[in-house]
**Student:** 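Take this structure first; my questions come after.
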Amino acid sequence: MKNITLSAPEDLIEQARKNASAKGSTLNTEFRTWLQTQAISNQDRLARYDQLMKHLGSVNTGRSFTREEMNER
């Protein structure tokens, strides 16, 4: 694994550390996850999206939803 050095405002780094900690993670782990998403090509993203949509197409809720239910947040 290769080390890199980044520069960012101190308050931003501290807030990111707090957010990572709240998720049971570390800033380093969160950055690696972000970096992995940046490394994926658009073609790979589209293929993953298509695969997800095919999978979700077979989801059955067991009933129909009313218009009001579909518009709830």
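Numbers here are sequence positions counted from 1. Here the structure is a predicted model, which means the values were calculated and not measured.
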**Student:** Between the main-chain N or O of R67 and the side-chain N or O of N71, is there a donor-acceptor pair closer than 3.5 Å?
**Tutor:** yes

**Student:** I need the I13 CD1 to S7 OG distance, nearest 0.5 Å.
**Tutor:**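 If we round to the nearest 0.5 Å, I13:CD1 and S7:OG are 8.0 Å apart.
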
**Student:** Salt bridge or not between R63 and E69? Use side-chain N to carboxylate O under 4.0 Å.
**Tutor:**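 Looking at E69 together with R63, the answer is yes, because their closest N to O distance falls below 4.0 Å.
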
**Student:** According to a hydrophobic-cluster definition based on side-chain heavy atoms being under 4.5 Å apart (Ile, Leu, Val, Met, Phe, Trp, Tyr only), do L35 and L6 belong together?
**Tutor:**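 Same hydrophobic cluster.
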
**Student:** Let me see the working for E30 and R17 under salt bridge (Lys or Arg N to Asp or Glu O under 4.0 Å), right down to the final yes or no.
**Tutor:** CA-CA 9 Å; E30 294 298 312; R17 278 195 176 121; over 6 Å; no

**Student:** Using side-chain hydrogen bond (donor to acceptor under 3.5 Å, both in side chains), reason through D11 and Q15 one step at a time and then give a plain yes or no.
**Tutor:** CA-CA 6 Å; D11 59 328; Q15 186 59 49; over 6 Å; no

**Student:** With a 4.5 Å limit on heavy-atom distance, are the side chains of M1 and R32 in contact?
**Tutor:** yes

**Student:** Inspect the surroundings of CZ in R48 and state if more than 12 heavy atoms from other residues, nucleotides or ligands are less than 6.0 Å away.
**Tutor:** no

**Student:** Quick check on Y49: does its OH atom have over 12 non-hydrogen neighbours (other residues, nucleotides or ligands) under 6.0 Å away?
**Tutor:** no

**Student:** Hey, does the side chain of T33 reach the backbone of T29 with a donor-acceptor pair shorter than 3.5 angstrom?
**Tutor:** yes

